[in-house]
*Asks:* 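This is the structure I have questions about; it appears just below.
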Protein chains: 2
Amino acid sequence: MQGDAEQLLREHGLQVTAQRLAILRAVSSRPHGTADELIDDVRAVIGSISRQAVFGTLNVLVEKNLLRRIQPAGSPARYEDRVGDNHHHLICRSCGLTFDIDCIVGAAPCLVAEEDHGFEIDEAEVLFWGRCPSCKRTGETDTPVG
Amino acid sequence: MQGDAEQLLREHGLQVTAQRLAILRAVSSRPHGTADELIDDVRAVIGSISRQAVFGTLNVLVEKNLLRRIQPAGSPARYEDRVGDNHHHLICRSCGLTFDIDCIVGAAPCLVAEEDHGFEIDEAEVLFWGRCPSCKRTGETDTPVG
DNA sequence: AGCCAACAATTGACTCAGTCTAATATTTTT
DNA sequence: AAAAATATTAGACTGAGTCAATTGTTGGCT
Ligand SMILES: [Mn+2]
Ligand SMILES: [Mn+2]
Ligand SMILES: [Zn+2]
Ligand SMILES: [Zn+2]
């Protein structure tokens with residue numbers, strides 16, 4: 001999802017703005033970052049941006065499938081530019097540290113439910129929960145950080 | 001998790017109150033209900049209860065493992081009294097309708113990540129996402145309801 | 001039965017993450 | 001360069017939940 005971000009935006013019928021470019025770059029250099037983390041990153045680069053511009057842009061980019069949003073329990077939403085595959089996530093219950101886990105199957109839905117209750121299932125989302133090496137060491141308690 | 005709720009509370013070192021009993025019964029008769037739904041249910045039965053009492057009780061019951069909390073993206077937390085197994089969930093993207101999906105393996109974590117990054121993984125949470133029969137029919141758009 | 005300490009419920013303010021709206025500014029088309 | 005389309009901003013607002021102080025209830029112990 002790197003390369004010509006400008007191109008990418010245009011291809012999806014979006015206007016090219018400094019804010020959007022900066023947001024794309026921020027997501028790319030901080031995978032699984034929260035909106036607030038990304039706001040800080042973007043401000044460090046382009047000086048200033050409104051909260052709403054960031055939320056709005058993240059929304060439109062997710063909608064256009066240029067970004068993916070994950071919403072793990074106890075955390076604000078996180079964003080990544082690794083889209084179009086069906087990877088999963090490994091999350092530390094204490095500090096929220098998040099890793100990508102490659103899907104063994106590849107395509108979604110990568111697991112089948114025994115009983116589908118008539119649903120049209122399009123995804124099997126898998127979240128591996130645990131404790132990261134550093135939180136294990138320090139005996140950190142369960143207070144996931146945003 | 002039915003039977004003598006009073007007993008159950010005592011066994012876990014919790015005082016028995018009308019509120020707690022009513023909340024337990026409400027969760028049991030509305031699996032995967034949200035806090036606000038449960039508040040309504042409880043009020044219909046015992047007349048009145050504070051929001052805080054419900055949130056507080058749900059918290060302590062989850063902590064003591066008498067209830068389980070699930071937090072699907074785009075929905076407030078949901079509660080159920082089916083604990084101690086490792087079942088999964090099937091959720092409608094449009095209306096939030098939620099079903100239990102039995103785990104094929106049984107014990108958690110029921111899936112192994114290819115790379116564990118040194119984590120101590122205790123759970124593999126699986127959420128099957130899709131569209132329920134009724135939302136399929138009416139072509140409902142993706143606006144999960146609380 | 002009555003007392004008391006521990007525990008629970010209520011109230012109301014507050015937080016966090018995010019949305020809505022109207023006004024302004026920037027991009028893109030013509 | 002002007003107009004139309006789209007994006008950004010500021011600020012009020014919402015939903016879901018928490019925090020802290022006060023009041024009320026429960027249950028163990030004389
Ligand atoms: Mn990822
Ligand atoms: Mn369930
Ligand atoms: Zn950690
Ligand atoms: Zn549905």
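Every heavy atom of this structure was used, including side-chain atoms; hydrogens, water molecules and symmetry mates were not. Residue numbers start from 1 in every chain, and the chains themselves are labelled A, B, ... in the order their sequence lines are given, proteins ahead of strands.
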*Asks:* Find the distance L58(A):CG to dA17(C):C1' and express it as a whole number of Å.
*Replies:* 13 Å
*Asks:* Rounding to an integer number of Å, can you tell me how far E63(A) CD sits from dG18(C) C1'?
*Replies:* 15 Å
*Asks:* Salt bridge check, R93(B) against E123(A): does any charged N sit closer than 4.0 Å to a carboxylate O?
*Replies:* yes
*Asks:* Just grab all the side chain to side chain donor-acceptor pair (under 3.5 Å) pairs involving residues 103-120 of chain B, residues at least two apart or on different chains.
*Replies:* none
*Asks:* To the nearest Å, how far apart are D40(A) CG and dA17(C) P?
*Replies:* 12 Å
*Asks:* Can you give one letter per nucleotide of nucleotides 21-30 of chain C, going 5' to 3': B for a protein heavy atom under 4.0 Å from the base, S for sugar-phosphate only, - for none?
*Replies:* ------BS--
*Asks:* Check the pair H88(B) / L127(B) against side-chain contact (heavy atoms from CB on, under 4.5 Å), numbers first and verdict last.
*Replies:* CA-CA 6 Å; H88(B) 304 303; L127(B) 300 172; over 6 Å; no
*Asks:* Can you figure out which of dG17(D), dT18(D), dG18(C) approaches the side chain of F55(A) most closely?
*Replies:* dG18(C)
*Asks:* Start at the 5' end of DNA chain D and walk down; is the nucleotide closest to S48(A) or to D36(B) reached first?
*Replies:* S48(A)
*Asks:* Evaluate whether atom CZ of R25(B) has more than 12 neighbouring non-hydrogen atoms of other residues, nucleotides or ligands under 6.0 angstrom away.
*Replies:* no
*Asks:* In whole angstrom, what separates R78(A)'s CZ from dG18(C)'s C1'?
*Replies:* 16 Å
*Asks:* Please round to the nearest 0.5 Å and tell me the distance separating atom CG of D81(A) and atom CG of L61(A).
*Replies:* 10.5 Å
*Asks:* Taking 4.0 Å as the cut-off, does a side-chain nitrogen or oxygen of T57(B) come that near to OP1 or OP2 on dA9(C)?
*Replies:* yes
*Asks:* Kindly list each side-chain donor-acceptor pair under 3.5 angstrom involving residues 15-24 of chain A, sequence neighbours excluded, with atom names and distances?
*Replies:*
from   : atom 1 : to     : atom 2 : distance (Å)
T17(A) : OG1    : R20(A) : N      : 3.1
R20(A) : NH1    : Q15(A) : O      : 2.9

*Asks:* Report for the helix from dA1(C)-dT30(D) to dT30(C)-dA1(D): angle between first-end and last-end helix axes, five pairs each, rounded to 10 degrees.
*Replies:* 20°
*Asks:* Look at D4(A) together with R10(A) and state whether they make a salt bridge at an N to O cut-off of under 4.0 Å.
*Replies:* no
*Asks:* Measure CG/L9(A) against C1'/dA5(D) and give the value in whole Å, please.
*Replies:* 16 Å
*Asks:* Ignoring backbone atoms, establish whether N59(B) has a side-chain N or O less than 4.0 Å from OP1 or OP2 of dT18(D).
*Replies:* yes
*Asks:* Would you classify R51(B) as touching base, sugar-phosphate or nothing, given that sugar-phosphate means primed atoms plus P, OP1 and OP2, and contacts are heavy atoms under 4.0 Å?
*Replies:* base
*Asks:* Without decimals, in angstroms, what is the distance between I39(A) CD1 and dT9(D) P?
*Replies:* 11 Å
*Asks:* By the rule that ILVMFWY residues connect when side-chain heavy atoms come within less than 4.5 angstrom, directly or transitively, which residues belong alongside L97(A)?
*Replies:* L90(A), F99(A), I101(A), L111(A), F119(A), I121(A), V126(A), F128(A), L90(B), L97(B), F99(B), I101(B), L111(B), F119(B), I121(B), V126(B), F128(B)
*Asks:* Of S50(A) and Q71(B), whose closest DNA chain D nucleotide lies nearer the 5' terminus?
*Replies:* S50(A)
*Asks:* Using whole Å, what does the distance between atom C1' of nucleotide dC7(C) and atom NE2 of H12(B) come to?
*Replies:* 18 Å
*Asks:* Which other residues end up in the same hydrophobic cluster as I104(B), if Ile, Leu, Val, Met, Phe, Trp and Tyr are linked when side-chain heavy atoms come under 4.5 Å apart?
*Replies:* none
*Asks:* Just how far, in rounded Å, is C1' of dG17(D) from OH of Y79(B)?
*Replies:* 9 Å
